[in-house]
Amino acid sequence: MSACTPTRHDDPHRKEHSHEPHSPPSPRPRGPRLTGADVSASIAVFLIALPLSLGIALATGAPLQAGLVAAAVGGVVVGRLGGAPLQVSGPAAGLTVVTAELIQRYGWRTTCAITVLAGLAQLGLGLLRVARTALAVSPAIVHGMLAGIGVTIAVAQLHIVLGGTPHSSVLLNLRDLPAQLARVQTAALSVSALTLCLLLAWPRLPGRAGRLLRVVPAPLVAVTGATTSAALLGFGLPKVDLPSWSSHALAGLPEGPTLGLIAAVLTITLVCSVQSLLGAVAVDKMVAARPALSGRVRRADLDRELLGQGAANVVSGTLGGLPVAGVAVRSTANVNAGAVSRNSTMLHGVLVVIAALLMVPILELIPLASLAALVMAVGIQMVSLHHIRTVTRHREVLVYAVTTVGVVFLGVLEGVALGIGMAVAVALHRLTRTRITHHEKEGVHHVHVRGQLTFLAVPRLSRTLHLVPQGAHAIVELDGSFMDHAAYESLQDWQSTQTAHGGTVELVGRRTGVRIGEPTGPAGLHPDGGTNAPDSSGCRCHPWTPWRNHQCAIPETGGPAQRSNAETTTARAPEDTEHTEPSDLTAKLDALVAPGALGTPGATVEAPAPPSSPRAPDATTPTANQLARGISAFQRNTAPLVRSELARLAREGQQPSQLFLTCADSRLVTSMITSSGPGDLFVVRNVGNLVPPPGEESGDDSVAAAIEYAVDVLRVRSITVCGHSGCGAMQALLAADQDTAQTPLRRWLRYGGPSVARMADGSRPAARLAGRAAADTVEQLCLTNVIQQLEHLRAHDSVSRALRAGELELHGMYFHVGEAQAYLLSEVHEGEVFDHVGVADLTA
């Protein structure tokens, strides 16, 4: 079990980590040795890269050797210098349209020079450490750009598949497509169709034999099968032509208009950089999803990756190769093949060099129609239905569509610029779109403001507020995240007028559940008419409260008036006990003027009923009211957000990855401290987070049954035993009296007896917390109990079998409630240590 570095910066016992996610980690140790997993992965990637590199070179109109040069340079140079160890770089389909246009306009040697200049620009950006800014580009723009490039590639390669020659423009290719269909070459179409059939069918081969055959990459099988068939049938089709390396064209001095060359360099730089950086993040996610790799492969250093890509483009352009970028297909194959270091990427580049030098006669047997079909399939796959569904769900389909159409008909740079413009327009539209409604219910006027409240919405806000009669009770519900000064003054003036005429005004944040203001009456009197009513300043929970359904409640004391007030107000959060909330509504509105005051996930409290509203008949106690409010808030705010995910889980059943065994203490919110959602954790809670050993006479089978079900049926991959500070069960164990009557609680706590004995054993090292000794005996027992319960856990048959098979991991965890700090158990030679868990150690 590995320890993680801390997030807390005030711990004097730890080394500071100032880097952010995707920034350079601490100095790296020496690179790993070449392993068998890296060798097998490099062969798999090489077999995919070889035909794809030739096909992309064919699609761009560049010399076919340029694709092999780019593949070799991308493997060796980026593999050695890049910051994403498992990302494979080379000639990418996303650069095909850009490169083809440059070759048509400036010629091959100038295109190579543009590639060199783009590489230098990437080196400059990497030195400026601006790589993370690429992640700010809307995914809808990136996916739209790739979709547009994919459409362009597919339309162009379709002409070669049919036996013709493509044009440089999508419009021309579409215009001539009917004529090309009228003069189809049967041989070319047959070879292309066979390539596509093998490409689609090979990954779907059924049975055990299919699993064995699928080890060979589908692109290699498709091209090999088509080449063999063409040779056996004697088809006289154009084939790959690799001229002598001695006549290979290298980069020359750029020739052409200066502005055009600058635009070309910027285009290559943009496309290469964005595709490579987003690919690096995607590879990180794939690595994180594989537990066997997540501890061995470092997270991507995006600035270093940008430097590596820049160096590769300088070398590739100089040697007469295509532009280089991270390639999703090869990177996915590398991770899936089990690569554990950058050695697999580098070795694949070496294999490309060997093939380019020694396999020329074999490569020249490949029909161009087969390569065209392969590239056309790649282009079609770039139009991802998953991406379309995602952008539609996030209401950014318009940005996606504009970018795609712009790339197809205008060009990559123009299409991306249109996409950025549309994204800005959509953001402004959302900022200015405010819906204001008014309705009356049981004598109370409700004004609901949905959206951002800016000066543009003030006229509509004013008209709606004046629909509320003077002297009436009103509730204004603000459902947004921003209010500017003009809207603030409008609300303030209206509130002053209302209260001056004897009315009451209440402002609530519906989505955040934060009470903005309490009902105010004439002369500052409380709505119940008293002047000594308890403080009703409302819920002190801030909008950043991580859980949505948290309920605050003022203790029920005093007479009916105070209890009635307690039902419509909330107590201050513990972190605000030293501050006082303004009782004046004007001061409360001040908190809303700054952005972010509303709309962030926070505590949810249903708006209270006005003083005259009758109490619900089924909620006669504060506890019942609290339960009803929580359920109502969930149904209104949270259920719409999780309904689709829960519906999926209902269809597919639960598939949790972890069994989380912790204490029943109400302060431990498992989903919050582990950032988990529905279906992620299989949770077992009991007093003291105890695991009864198997075979205990008159033992408790509940925990054992949950363990067996989680391991044998749900196939969880890890089990965590989590203790916490201030555990009442541990305090009870320390204060146990042998003469005390054996109540159910006492009988249950006997499973904690071995933990007390372990702590008293002087021959064992005492468990420590982040390198320090435990604060007191209770904390020492809490830490020791986690370690002892892990020993009990290992004794269960299902757990021991899974551990021997390498299918299960055990983790010890300690949560310090007062510090809101999590610790994981680390096995070191000097004893058991619970070390901090830090964000810096989490894989993206």
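Just so you know, these numbers use all the heavy atoms, side chains as well, and skip hydrogens, waters and symmetry mates.
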Engineer: Taking all non-hydrogen atoms of both residues, which atom of Phe660 and which atom of Cys722 are closest, and how far apart?
Structural biologist: CZ-CB, 3.7 Å
Engineer: Can you tell me if Arg204 uses its side chain to pair, donor with acceptor, with the backbone of Ala201 under 3.5 Å?
Structural biologist: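 Answer holds: no.
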Engineer: Measuring only between side-chain heavy atoms, which start at C-beta, is Val716 closer than 4.5 Å to Gln658?
Structural biologist: no
Engineer: Just wondering, do Arg667 and Phe815 contact through their side chains at under 4.5 Å, heavy atoms?
Structural biologist: no
Engineer: Using modelled atom types and a 3.5 Å cut-off, is there a donor and acceptor pairing between side-chain atoms of Glu779 and backbone atoms of Ala774?
Structural biologist: no
Engineer: I need the minimum non-hydrogen distance between Leu302 and Leu277, along with the two atoms involved.
Structural biologist: O-CD2, 3.6 Å
Engineer: Is it true that a side-chain atom of Asp38 and a backbone atom of Val340 form a donor plus acceptor pair closer than 3.5 Å?
Structural biologist: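 Side chain of Asp38 to backbone of Val340: a pair is present.
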Engineer: Would you check if Leu690 and Gln789 make a side-chain contact, meaning some heavy-atom pair closer than 4.5 Å?
Structural biologist: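 Yes, at least one pair of side-chain atoms sits under 4.5 Å.
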Engineer: Does any N or O in the side chain of Gln87 come within less than 3.5 Å of the main-chain N or O of Ala280, such that one atom is a donor and the other an acceptor?
Structural biologist: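 Side chain of Gln87 to backbone of Ala280: a pair is present.
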Engineer: Atom CG in Asp835, atom CG in Leu824: separation rounded to 0.5 Å?
Structural biologist: 9.0 Å
Engineer: Where the side chain of Arg768 meets the backbone of Val833, is there a donor-acceptor pair that is under 3.5 Å apart?
Structural biologist: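 Judged by distance alone, no pair lies under 3.5 Å.
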Engineer: Under the criterion side-chain contact (heavy atoms from CB on, under 4.5 Å), which of Leu793, Asn689, Leu661 is the partner of Val703?
Structural biologist: Leu661
Engineer: Within the distance-only criterion (no hydrogens, no angle test), does the side chain of Asn785 pair as donor or acceptor with the backbone N or O of Gly688 below 3.5 angstrom?
Structural biologist: yes
Engineer: What's the shortest heavy-atom distance between Val778 and Cys727, and which atoms?
Structural biologist: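 What the structure gives for the nearest pair is CG1-O, 4.5 Å.
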Engineer: Is there a donor-acceptor pair closer than 3.5 Å between any side-chain N or O of Ser344 and the backbone N or O of Ser341?
Structural biologist: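 Answer holds: yes.
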Engineer: Would you say Thr784's side chain and Gln780's backbone share a donor-acceptor pair under 3.5 angstrom?
Structural biologist: yes
Engineer: How many angstroms lie between atom OG of Ser657 and atom CZ of Arg717, to the nearest 0.5 angstrom?
Structural biologist: 5.0 Å
Engineer: Take Thr662 and Met813 through the test side chain to side chain contact (heavy atoms under 4.5 Å, CB included) and record every step on the way to the result.
Structural biologist: CA-CA 9 Å; Thr662 188; Met813 179 177 168; over 6 Å; no
Engineer: So how far is it from Met730 CE to Thr777 OG1, rounded to the nearest 0.5 Å?
Structural biologist: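 That separation rounds to 13.5 Å.
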Engineer: Does any non-hydrogen side-chain atom of Phe834 lie less than 4.5 Å from one of Ile787?
Structural biologist: yes
Engineer: Do His796 and Val691 make a side-chain contact, defined as non-hydrogen atoms from C-beta onward lying under 4.5 Å apart?
Structural biologist: yes
Engineer: Check the pair Val817 / Leu668 against side chain to side chain contact (heavy atoms under 4.5 Å, CB included), numbers first and verdict last.
Structural biologist: CA-CA 8 Å; Val817 177; Leu668 266 68; 4.2 Å; yes
Engineer: Between Ser331 and Val88, is there a donor-acceptor pair closer than 3.5 Å when you use the side chain of the first and the backbone of the second?
Structural biologist: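 Here the side-chain-to-backbone pair exists.
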Engineer: Which atoms form the tightest heavy-atom contact between Leu347 and Ser42, and what is the distance?
Structural biologist: CD2-OG, 3.1 Å
Engineer: Thr720 vs Thr674, test: side chain to side chain contact (heavy atoms under 4.5 Å, CB included). Steps then yes/no.
Structural biologist: CA-CA 11 Å; Thr720 301; Thr674 59; over 6 Å; no
Engineer: Test of understanding: with salt bridge (Lys or Arg N to Asp or Glu O under 4.0 Å), list the residues that count as partners of Glu807, not counting sequence neighbours.
Structural biologist: none
Engineer: List the atom of Arg794, the atom of Ser800, and the distance in Å for their closest heavy-atom pair.
Structural biologist: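 For Arg794 versus Ser800, the nearest heavy atoms are O-CB, 3.6 Å.
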Engineer: Say you draw a straight line from OH of Tyr751 to CD of Gln788; how long is it, rounded to the nearest 0.5 Å?
Structural biologist: 14.0 Å
Engineer: Going from CZ on Arg330 to CD1 on Ile48, what distance comes out if it is rounded to the nearest 0.5 angstrom?
Structural biologist: 9.0 Å
Engineer: Before you tell me yes or no, could you show the steps for Arg685 and Thr670 under side chain to side chain contact (heavy atoms under 4.5 Å, CB included), namely the whole-Å CA-CA distance, both residues' side-chain angles and the distance that decides it to 0.1 Å?
Structural biologist: CA-CA 10 Å; Arg685 305 186 69 149; Thr670 57; 4.1 Å; yes
Engineer: How far does OG of Ser718 sit from CG of Leu810, to the nearest 0.5 angstrom?
Structural biologist: 8.5 Å
Engineer: Are the side chains of Leu781 and Ser755 in contact, using a 4.5 Å heavy-atom criterion?
Structural biologist: yes
Engineer: Any side-chain heavy-atom pair from Arg393 and Ser644 closer than 4.5 angstrom?
Structural biologist: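 Not in contact.
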Engineer: Return the minimal non-hydrogen interatomic distance between Ala729 and Val687, and the atom names on each side.
Structural biologist: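 Nearest pair, atom of Ala729 first, then Val687: CB-CG1, 3.7 Å.
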Engineer: Within the 4.5 Å heavy-atom criterion, are Ile707 and Ser798 side-chain neighbours or not?
Structural biologist: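 SC-SC contact between Ile707 and Ser798 confirmed.
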